[in-house]
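First comes the structure, then the notes that go with it.
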Amino acid sequence: MMMAATMSSQTLNWFNRVKQALLSTELKTKQELLGLIREAQKRAVLSPDTLQMIEGSLQVSEMHVRDIMIPRAQAVALEVNDSPDSLVKIVVESGHSRFPVVGENRDDVQGIFLAKDLLDYYATGQQEPFNMRDVMRPAIFIPESKRLNVLLREFRTSRNHMAIVIDEYGGMAGLVTIEDVIEQIVGDIDDEHDFEDEVYINPRDNGYYLVWALTPIEEFNLYFDVNLDEDEMDTVGGLVMKAFGHLPKRSETIDFAGFHFEVMRANNRRIHLLRIKRLEEPQVEQSDE
């Protein structure tokens, strides 16, 4: 009982210390605040998940759209003259609910299309010819330099969930969604279109595979019948990070060990998802002799 009372008193004293620090000018930097919060987690006052969200919230104010946007080359876009049947195919294959609509080139973003509008079209028995311009929503354009905390506030007030990122020349640099911003705070948000965590390696079209970064190297070796080094690293993500020599960002690529690796999902802490493909072995010319 005496020990419990002492611990309770220590916790109360610590809370009073934090309260005093927050209400006074004692805290001069964000790092000092983080130090207090991390001390709280060590004392089991905060859970590790809560600490992660607080740290994520503070980091969001220092990050820009360019740090998390989906690059233009990876964005799934619809063309303004696409037929309803072709739209259905793209929606099903991608699993997305919102798409940028482009004209004759990908820099000509004309609006945002919501997949649910296809349901309305088919539900009415297709009585009227489909016209993308009648159903698409206005696109929101933002610069790469916009801070994430400002963008999150704009998403909330405007009720938009997607914005088109433009470069200095006014062309489409990529896109960003409200989910991309929130994931910087709470971590990855998986939905029904994401594959199950226990399935580490998932084959895709054209010889590509989606591979979780946490895939054990032993399992990777068995799946692809290769012999990647298992001594220094336990996971494929660790091996890829070592090959890069730094923590790569989304869309960075590297070739090694007979594979082409592309980072599909990552944050400022670790790699989450990779897309890989075997590299073609060079053809050895045979001599006529």
Do any side-chain atoms of residues 238-249 form donor-acceptor pairs under 3.5 angstrom with protein atoms, and if so which ones, sequence neighbours left out?
residue	atom	partner	partner atom	Å
Lys242	NZ	Glu232	OE1	2.3
Lys242	NZ	Glu232	OE2	3.3
His246	ND1	Phe244	O	3.2
His246	NE2	Glu252	OE1	3.1

Check: Asp167 and Arg72: salt bridge (Lys or Arg N to Asp or Glu O under 4.0 Å), yes or no, with the steps?
Finding: CA-CA 11 Å; Asp167 58 27; Arg72 164 179 164 163; over 6 Å; no

Please report the shortest heavy-atom distance between [X] and [Y], naming the atom on each side.
X      : Y      : answer
Ala75  : Leu175 : CB-CD2, 3.6 Å
Ala139 : Val109 : CB-CG1, 4.2 Å
Ala77  : Val102 : CB-CG1, 4.1 Å
Ala115 : Val91  : CB-CG1, 3.8 Å
Thr177 : Phe155 : C-CE1, 3.8 Å

Do the non-hydrogen side-chain atoms of [X] and [Y] ever get within less than 4.5 Å of each other?
X      : Y      : answer
Leu151 : Ile142 : yes
Pro100 : Met162 : yes
Thr253 : Val263 : no
Val101 : Glu79  : no
Val60  : Leu152 : no
Phe130 : Ser83  : no
Asp255 : Leu279 : yes
Met132 : Leu87  : yes

Answer with yes or no whether the hydrophobic clustering places [X] together with [Y]; edges join I, L, V, M, F, W, Y residues whose side-chain heavy atoms lie under 4.5 Å apart.
X      : Y      : result
Leu78  : Phe141 : no
Leu118 : Val135 : yes
Met69  : Leu148 : yes
Tyr208 : Leu210 : no
Leu214 : Leu274 : no

Note to self: Can you see whether Phe259 has Arg278 sitting over its ring - NZ or CZ less than 6.0 Å from the centre and within 45° of the normal?
What the structure shows: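 Cation-pi check for Arg278 and Phe259: fails.
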
Notebook entry, point to check: Looking only at side chains, do Asn160 and Ser158 share a donor and an acceptor under 3.5 Å apart?
Noted result: yes

Next item on the list: Please determine, by modelled atom types, if Asn221 and Glu219 share a side-chain donor-acceptor pair under 3.5 angstrom.
Entry: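 On atom types as modelled, these side chains do not qualify, holding no pair under 3.5 Å.
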
So, does [X] use its side chain to make a donor-acceptor pair with the main chain of [Y] at under 3.5 Å?
X      : Y      : result
Arg147 : Ser61  : yes
Asn131 : Arg133 : yes
Ser86  : Asp82  : no

Nearest 0.5 Å, please: how far is [atom2] in [Y] from [atom1] in [X]?
X      : Y      : atom1 : atom2 : value
Arg156 : His161 : CZ    : NE2   : 11.5 Å
Ile164 : Asp107 : CD1   : CG    : 11.0 Å
Lys277 : Glu262 : NZ    : CD    : 11.5 Å
Tyr209 : Tyr223 : OH    : OH    : 5.0 Å

Next item on the list: Show the numbers, then the answer: is there a side-chain contact (heavy atoms from CB on, under 4.5 Å) between His260 and Ile276?
Entry: CA-CA 5 Å; His260 174 78; Ile276 74 168; over 6 Å; no

Check: Between Met233 and Ile217, is a side-chain contact (heavy atoms from CB on, under 4.5 Å) present by the stated rule, with each step listed?
Finding: CA-CA 8 Å; Met233 299 293 174; Ile217 294 177; 3.9 Å; yes

Next item on the list: Just do the side-chain contact (heavy atoms from CB on, under 4.5 Å) check on Val236 and Phe261 with the steps written out, would you?
Entry: CA-CA 10 Å; Val236 175; Phe261 293 85; 4.2 Å; yes

Check: Within a reach of under 6.0 Å around CD of Glu230, are more than 12 heavy atoms found that belong to other residues, nucleotides or ligands?
Finding: yes

Check: Are Phe99 and Phe113 close enough that their ring centers fall under 6.0 Å?
Finding: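 No.
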
Next item on the list: Give the C-alpha distance, both sets of side-chain angles, the deciding distance and a yes or no for side-chain contact (heavy atoms from CB on, under 4.5 Å) between Gln110 and Met136.
Entry: CA-CA 8 Å; Gln110 301 190 6; Met136 66 183 184; 3.8 Å; yes

Margin query: Would Glu154 and Lys146 count as a salt bridge (Lys or Arg N to Asp or Glu O under 4.0 Å) here? Give the steps.
Written below: CA-CA 11 Å; Glu154 292 178 356; Lys146 183 179 284 291; 3.1 Å; yes

